[in-house]
Number of protein chains: 2
Amino acid sequence: MSDAKPEPQLEEIREAECLEVLAGNRLGRIAIVVGGQPLIFPVNYALSGRIIVFRTAAGSKLFNAPEARVAFEIDGYDEQTGVGWSVMVQGIAHDATESYDDISWAAHAVLPRPMAPGPKPYQVAIEPTSITGRRFSGPGSD
Amino acid sequence: MSDAKPEPQLEEIREAECLEVLAGNRLGRIAIVVGGQPLIFPVNYALSGRIIVFRTAAGSKLFNAPEARVAFEIDGYDEQTGVGWSVMVQGIAHDATESYDDISWAAHAVLPRPMAPGPKPYQVAIEPTSITGRRFSGPGSD
C-alpha cells in the first residue's frame, strides 16, 4: 500500500518451458514412498526427451523405486531479483538398466553423472505422467 | 588411478549438526503423499527446536498434509570444493494454526517468511520422527 514495489506475481510454467528448465539443470530431488513414509533424496539427473534419468546403487532405497509412483523436483531462487521457480515431474520409475523398451532406450541415450561417490550401476528412468512448474516474483507475503 | 585427487568420501551427519544446518537455511522441500502419488513442494521454513515450521494457504495440497507422514529436505552443493550435503527430516505434519499443544507452541515461537506471494495464514509444524544427513566430498563416481 505504501510503496511502488511491483505486485507479487505467481505464474504457471508450461510444459515446454519446464522441459527447457529441466534440460538446463542437473541436480534435483526424487520423492519415493516406503511403507507409507515419503522420503526425499537429491540426485544428479539427465533429461532424455521427457524422461528423467538418474543412477543409483544396488540395495539403495532408490533402487527399490522402480514401477512405483515418484515425484521429481527442481527449484531455484535468485536473491537479487526475488524470482523463484520450481518444476515438478510426477511419474512412474522404471529400472532401465538392462531393459530395452522405449523408456529404457530413451534412458540409455544419456549419461547422468552422479556427484556423490560410490558405484551406481543401475539406471532409473522416470516416465512422466505430469510436468508442471510455477514461477513467482516480487516480495513475499505476510 | 592416474592422479592425486583425494578419495571420494561419504559421511553421515549426526542429528545435532543436522539441526545446525537446518537452523542456518530457510528454503527446503516437503514431500507429501496424495492418493498414493508423492508430491514435492518448495517451502520457506523456520526451525523451532527440532520442529520444522512453514506457512501455507487454505485449500492448498500442503494444507491437507496435517496428521500425515511427510518428509522435509534441504541440500547444497559447492561447485568449487565439490562438497555436497543433504539433510532429511521424516515426521508427522500438524496444523499448528490454532492449536496449543507442545508442538504448536513451539511452532508459534517462530515466524517463517514465505517468499512466494499470496496469503498463507495456516501454520504447519513437522514433528520429526527421524533427522538424518549425509555429506560427500571428492569426485563423483562413474
Side-chain angles (χ1 to χ4, degrees), chain A residues 7-10 26-44 55 57 68-77 79 82-92 111-121 129-130 132 134-142, chain B residues 7-10 26-42 44 55 57 65 68-77 79 82-92 111-121 129-130 132 134-142:
Chain A
E7 281 292 303
Q9 292 190 330
L10 184 63
R26 63 174 185 156
L27 176 61
R29 295 108 202 151
I30 184 169
I32 61 173
V33 186
V34 176
Q37 172 67 55
L39 302 172
I40 307 177
F41 299 98
V43 288
N44 288 103
R55 288 159 64 188
R69 291 163 79 176
V70 300
F72 177 84
E73 189 257 9
I74 61 173
D75 58 52
Y77 180 71
E79 297 271 355
V83 174
W85 57 270
S86 63
V87 170
M88 177 167 57
V89 176
Q90 299 174 51
I92 309 292
L111 187 63
R113 295 209 162 267
M115 291 183 289
K120 295 185 175 56
T129 53
S130 159
T132 52
R134 55 179 222 160
R135 181 187 291 117
F136 65 84
S137 59
S141 67
D142 278 331
Chain B
E7 281 292 300
Q9 293 190 329
L10 183 64
R26 62 173 187 156
L27 176 62
R29 296 109 201 147
I30 183 168
I32 60 173
V33 185
V34 176
Q37 172 66 57
L39 302 172
I40 307 178
F41 299 98
N44 289 103
R55 289 160 61 189
R69 290 163 79 177
V70 301
F72 177 84
E73 188 257 10
I74 62 174
D75 59 53
Y77 180 71
E79 298 271 354
V83 174
W85 56 270
S86 64
V87 170
M88 177 168 56
V89 177
Q90 300 174 50
I92 309 291
L111 186 62
R113 296 207 161 269
M115 291 183 288
K120 295 185 174 55
T129 53
S130 160
T132 52
R134 56 179 222 160
R135 181 188 292 115
F136 64 85
S137 59
S141 66
D142 278 331

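Every chain is numbered from 1 and lettered A, B, ... according to where its sequence line falls, protein lines coming before strand lines.
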inquiry  = Can a donor-acceptor pair be found, under 3.5 Å and without considering hydrogens, that links the side chain of B:R55 to the backbone of B:P112?
reply    =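 Checked: pair present.
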Considering all heavy atoms, the nearest A:P117-B:F136 contact =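 Of all heavy-atom pairs spanning A:P117 and B:F136, the closest is CD-CB, 3.3 Å.
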request  = Locate the shortest heavy-atom distance separating A:N44 from A:A116; write the atom from each residue and the value.
outcome  = OD1-N, 4.5 Å
task = Could you have a look at B:M88, B:Q37, B:R134 and say which one has the most heavy-atom pairs with chain A under 4.5 angstrom?
result =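 If we count pairs closer than 4.5 Å to chain A, B:Q37 comes out on top.
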task = Name the option with the most non-hydrogen atom pairs under 4.5 Å to chain B; the candidates are A:S86, A:G36, A:G84.
result =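 Highest number of pairs under 4.5 Å: A:G36.
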request  = Could you tell me which of A:L111, A:L27, A:V89, A:V33 has the largest number of non-hydrogen atom pairs under 4.5 Å with chain B?
outcome  =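 Greatest number of close heavy-atom pairs with chain B: A:V33.
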key: A:R69 CZ to A:T129 OG1 distance, which is reported to the nearest 0.5 Å   = 7.5 Å
